[in-house]
Amino acid sequence: MIKRFFLFCLLVLLGMNFSSSLSAAEQPKIGFIVKQPEEPWFQLEWKFADEAAKEKGFELIKISGIDGPKVLAAIDNLATIGAKGFVICTPDVKLGPAIMMRAKKQGMKVIAVDDRFMKAGKPMEDVKYLGISAYKIGQKCGEEAIKEMKNRGWKESETGVCIVTFDELDTARDRTNGEYDAIVAAGFPKDQIFKAAQKTSDVPGAFDGTNILLTQQTGFKNWIVTGMNDSAAIGAVRAMEGRGFKADNVIGVGINGTDCITEFKKSEPTGFYGSMLLSAKQHGYDTASMMYDWIVDGKEPPADTRTVGVFITRDTWDKIYKEQGLSK
Ligand code: FCA
């Protein structure tokens, strides 16, 4: 009897060992390539994708793909180690066809996240995509900025609007068009709304673009600044500070709600007023999970998923972060 019991235990233990080593070896590998790994937004996407990997049991390979050659090399490397698919926020939407060609050659599945692939100036609708409801989110930024302008009792005639634009990118253009339209819809004079083009979609790009605008427009006491994301608004706020416009005279509104937390945590408020907090969890966790289900169960992801956002400010972000399980 005792002998039998020990034999049973031994078999159970062996079985456990065997099955766990088997599953480790058989865990599918999934790549997650991002264009700007230094942005907190992309770090959060990765973090949530990692959570999906732990829960579902796959290996997530996080790769920085800052330009075309790096992305194509990353796809080849992923194929070499046996990955069957990847999620990507491409550094350039025009790389879409080249990425798809390489993925096809390597027999890999692709989900585009955040930035949609373009071919001959049109979105590649045949590539699975998860992105934000860009225009609506932009509109909300415009509405919130105008609301705050009214709260502060600023005179319209003394206020300029600076919209930092990055028109090469569809999702960016939709966002800034939404911002512009909402501000115009609120009755704000069109000739006091200015676009400051970004050469690069980062803080220095927005800083430079806004500085150029500020050398041309010197007559305003107050400024509303907004753009495609937090980096755009932060760059513009820094340029404003350089010209003496501080928190009391600047309403900066961003998008992402992730790259602006350092602004909110500063002991004194800056001109960065608020941001549309997007769902990094859906962008990271959901896309990675969809890729897993596609590879393992053959379940195709939806063709086009759009996510929404919620407005946060220096006063509300902490509470909303806690509610969403984002606080550390
Ligand atoms: C783009 C932007 C990011 C983020 C994302 C949802 O990729 O560059 O900052 O806003 O869309």
Side-chain angles (χ1 to χ4, degrees), residues 32-49 62-67 71 87-96 99 111-118 123-124 127-141 163-179 197-207 209 226-236 252-263 272 274-288 304-312 324 326:
F32 203 119
I33 306 171
V34 303
K35 63 173 183 179
Q36 284 170 293
E38 75 288 354
E39 260 194 14
W41 168 257
F42 293 108
Q43 291 160 17
L44 261 187
E45 274 187 348
W46 271 347
K47 175 180 166 256
F48 285 115
K62 299 185 284 257
I63 306 175
S64 140
I66 56 171
D67 56 29
V71 167
V87 178
I88 180 167
C89 178
T90 175
D92 180 350
V93 289
K94 293 192 291 296
L95 285 170
I99 293 171
I111 297 177
V113 70
D114 301 338
D115 298 359
R116 196 170 203 187
F117 293 173
M118 303 289 282
M124 293 177 70
V127 180
K128 309 290 179 202
Y129 173 66
L130 183 143
I132 68 166
S133 321
Y135 183 78
K136 270 198 186 153
I137 286 172
Q139 276 180 310
K140 179 83 172 137
C141 288
I163 303 186
V164 177
T165 55
F166 189 67
D167 284 347
E168 296 85 313
L169 184 60
D170 249 36
T171 180
R173 202 178 49 245
D174 290 349
R175 297 173 201 192
T176 49
N177 283 346
E179 288 159 358
Q198 270 177 304
K199 283 212 182 85
T200 50
S201 69
D202 51 14
V203 175
F207 181 83
T226 187
M228 70 168 283
N229 58 13
D230 289 342
S231 302
I234 290 171
V253 176
I255 294 176
N256 282 2
T258 49
D259 315 38
C260 58
I261 300 305
T262 42
E263 290 295 302
F272 193 99
S275 179
M276 284 298 287
L277 173 64
L278 308 178
S279 171
K281 180 157 187 183
Q282 277 175 286
H283 288 238
Y285 185 100
D286 288 6
T287 52
D304 185 350
T305 309
R306 301 301 171 115
T307 61
V308 295
V310 47
F311 192 66
I312 58 171
Q324 298 204 2
L326 284 166

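Counting begins at 1 with the first residue of the sequence. Counting starts at 1 for both ligands and their atoms, following the listed order. None of the values given here were measured: they were computed from a predicted structure.
- Regarding atom 3 (C) of ligand 1, its nearest protein heavy-atom neighbour is Glu39 OE1, 3.7 Å.
- Using a cut-off of 4.0 Å between Lys/Arg side-chain N and Asp/Glu carboxylate O, Lys128 and Asp304 are scored as not salt-bridged.
- The proximity of Arg175 to ligand 1, defined as any non-hydrogen pair under 4.0 Å, is limited to the side chain.
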Please determine whether salt bridge (Lys or Arg N to Asp or Glu O under 4.0 Å) holds for the pair Lys281 and Asp286, giving the CA-CA distance in whole Å, both sets of side-chain angles, and the decisive distance to 0.1 Å.
CA-CA 7 Å; Lys281 180 157 187 183; Asp286 288 6; over 6 Å; no
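- With sequence neighbours excluded, the residues satisfying side chain to side chain contact (heavy atoms under 4.5 Å, CB included) with Pro204 are Asp202.
- Considering Asn256, Asp114, Asn229 only, the shortest heavy-atom separation from atom 4 (C) of ligand 1 involves Asn256.
- Counting heavy atoms under 4.0 Å from ligand 1, residue Cys89 touches it through the side chain alone.
- Smallest separation of non-hydrogen atoms from Ala206 and Ser231: CB-O, 4.0 Å.
- At the top of the distance list for atom 2 (C) of ligand 1, counting protein heavy atoms only, stands Met228 CE, 3.5 Å.
- A distance-only check finds a donor-acceptor pair linking the side chain of Asp230 to the backbone of Thr258 [under 3.5 Å].
- Close to ligand 1: Asp115, with a non-hydrogen atom less than 4.0 angstrom away.
- Of all atoms in ligand 1, listed by their number and element, those nearer than 4.0 Å to a heavy atom of Lys35 are 1 (C), 2 (C), 7 (O), 8 (O).
- For Phe272, the ring pair (Phe, Tyr, Trp, His ring centres under 6.0 Å) partners are Phe264, not counting sequence neighbours.
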